[in-house]
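Each remark here refers to the structure printed beneath this line.
Only this structure's heavy atoms are used, side chains among them; waters, hydrogens and symmetry mates stay out.
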Amino acid sequence: MVHLKNGKRKICYLGLSRWPDGPGDPRVFQKQLPALVAAGYAVTALVTGSDKPYDLYGVRIKPFPWEGGLWSRCCYLGDVYRKALAEKADCYFFGNFELLPVAALLKWQTGTRLVYDSMEHFPDMMRVSRQAPVAIRPVLAFGVDLVERVFRRSMDLIITADEPTMDRFRRTRPSAVIFNFPPLHLLDGYDPALLGDLRRRYAGRRVITYVGSMGWDRGLREMAETMVLIKAKAPDVVLTLLGGWQFAQWRSEYEQLLDRLGVRDVVELCGTIPQTQLGAYLRIADIGLALLEESPKHEKNIATKQFDYMCCSVPVVANNLRPFREFLGQARAGTIIDQYVPDQIAEACLKLLKNPELRREMGENGRRMVEQRWNWQSQAHKLREAFVRMMPPSEPTAAS
């Protein structure tokens, strides 16, 4: 059944646990959905939130109170189904593995097309999830893997953000790897007045920064311990942490850790920074940190923070994981440490802080690669092509 809105086919994004200004969600709301609007589709997004409906980059955003972790979200699946069905969309697009059965039911009842964005290696994510007891993590990983394998055949298109995750799906359905590269126009379109304010705020200080989701598997403990070593040798250095916390308790625990280590005065918890402001915050940084816990998941999935830093000409210190070797190492845009320990992190940072010319060279290398290859504009074209092959944005006329 075709539902045309102003002559356009309708895509409905199901954003259970997603909100437009949430950590990790720029891939959806600042990149993918606007690209589909530009391709000629009418796009609506049903998301987590409490606001009234509003428009964002041409997308109609409809918030609903779908709050909580995985177990809580599963309680909302019936409500998601009913609200999705009421949208009468030609295509449902989603990135939550728990929505796979809901999507399959929508297809069985309406014949609609389905697009699954497996943006992370979800079974590996379950294996390292701190939201579940260690003993049941393997069971959760098996369950998620089973759900994806059972329902993947109902999908009309599967997309991922990296090649290793796509290896699980490639032979099942039409697929496309859409890398989560940065949008140049957003990171370059910051407010100059904000940049001026930030430069005045950090005048006389050197800034190391981290951008991304705030979780214990993102190197937060190692960053705090690193600042103990850096503070002893370079007390003018401050670490700014730009990102939202999954749980308020984690922030409280981290603040207690900073107090115990005596570095509360040189570590700033800035919270989630809107994408439109992120370019200004990164341009005051001397170094960007990309430190992820060593795990199968992080060996597969590509951390986007390295591209955000490179886009803003910030040299990077990262640990020795495949995605950092593949991109950061190729660009010669930073330092990759051999061991995931505070001593090596501090040594790499202090070396860069003492050498402005090396920082400038690495920053320019990174910016050049983002301008030439690793930018969202190239991926938006791939995304639009994949959707158009699956479903043209408007219904062909009889003459065609």
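Between Met119 atom CE and Thr304 atom OG1 the span is 11.5 Å, to the nearest 0.5 Å. Taking CG of Leu353 as the start and NZ of Lys351 as the end, the distance is 12.5 Å to the nearest 0.5 Å. The distance from atom CG of Asp51 to atom NZ of Lys62, rounded to the nearest 0.5 Å, is 15.0 Å. Atom CZ in Phe307 sits 13.5 Å away from atom SG in Cys312 (nearest 0.5 Å). A distance of 4.5 Å separates CG in Asp259 from CZ in Arg264, rounded to the nearest 0.5 Å. Considering OG1 of Thr112 and CG of Asp90, their distance stands at 6.5 Å, rounded to 0.5 Å.
Under the 4.5 Å side-chain heavy-atom criterion for grouping Ile, Leu, Val, Met, Phe, Trp and Tyr, Ile336 is connected to Ile287 within one hydrophobic cluster. Note on Val388: it clusters hydrophobically with Val115, by side-chain heavy-atom contacts below 4.5 Å among ILVMFWY residues.
For the pairing with Asn320, the side-chain hydrogen bond (donor to acceptor under 3.5 Å, both in side chains) check across Gln339, Gln344, Arg325 returns one residue only, Arg325. Among Asp265, Val238, Thr226, Val267, the one residue that satisfies the side-chain contact (heavy atoms from CB on, under 4.5 Å) test with Lys231 is Asp265.
Checked against ring pair (Phe, Tyr, Trp, His ring centres under 6.0 Å), Tyr254 has the following partners two or more places apart in sequence or in another chain: Trp216, Trp245.
Ion pair Asp308/Lys305 not flagged as a salt bridge, since none of the NZ, NE, NH1 or NH2 atoms sits closer than 4.0 Å to an Asp/Glu carboxylate oxygen. Between Glu364 and Arg360 a salt bridge is recorded (basic side-chain N to carboxylate O distance below 4.0 Å). Under 4.0 Å is where a charged nitrogen must lie from a carboxylate oxygen, and between Lys300 and Asp167 no such pair does. At a threshold of 4.0 Å, the pair Glu87-Lys83 does not count as salt-bridged, since none of the basic side-chain nitrogens sits closer than that to a carboxylate oxygen. Note on Glu371 versus Arg367: salt bridge recorded, some NZ/NE/NH1/NH2 to OD/OE distance being below 4.0 Å. Taking the charged nitrogens against the carboxylate oxygens, Arg205 and Asp236 have no contact shorter than 4.0 Å, which rules out a salt bridge. Using a 4.0 Å cut-off between a side-chain N of Lys or Arg and a carboxylate O of Asp or Glu, Arg283 and Asp188 qualify as a salt bridge.
Residues Asp55 and Arg60 share a closest heavy-atom pair of OD1-CD, 3.0 Å. Taking both residues in full, the closest heavy atoms of Leu186 and Tyr57 are given as CD2-OH, 4.1 Å, listed atom of the first, atom of the second, then distance.
Between the side chains of Asn301 and Asp162, a donor-acceptor pair is found at a separation under 3.5 Å. Under 3.5 Å, the side chains of Tyr116 and Glu148 contain a donor-acceptor pair of N or O atoms. A side-chain donor-acceptor contact under 3.5 Å links Thr209 and Thr240. In this structure, a donor-acceptor pair under 3.5 Å is absent between the side chains of His298 and Glu294.
Of the possible donor and acceptor atoms, none in the side chain of Tyr41 sits under 3.5 Å from a partner among the backbone N and O of Leu33. Checked by atom type and distance alone, the side chain of Asn180 never pairs as donor or acceptor with a backbone atom of Ala161 at under 3.5 Å.
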Worksheet entry | Candidate pair Ser175 and Thr160, rule side chain to side chain contact (heavy atoms under 4.5 Å, CB included), full reasoning | CA-CA 8 Å; Ser175 58; Thr160 69; over 6 Å; no
Fill in: Candidate pair Leu100 and Phe94, rule side chain to side chain contact (heavy atoms under 4.5 Å, CB included), full reasoning
CA-CA 9 Å; Leu100 282 161; Phe94 63 100; 3.8 Å; yes
Item to complete: Go through Val102 and Tyr92 one step at a time and tell me if the side chain to side chain contact (heavy atoms under 4.5 Å, CB included) criterion holds.
Response: CA-CA 10 Å; Val102 171; Tyr92 291 94; over 6 Å; no
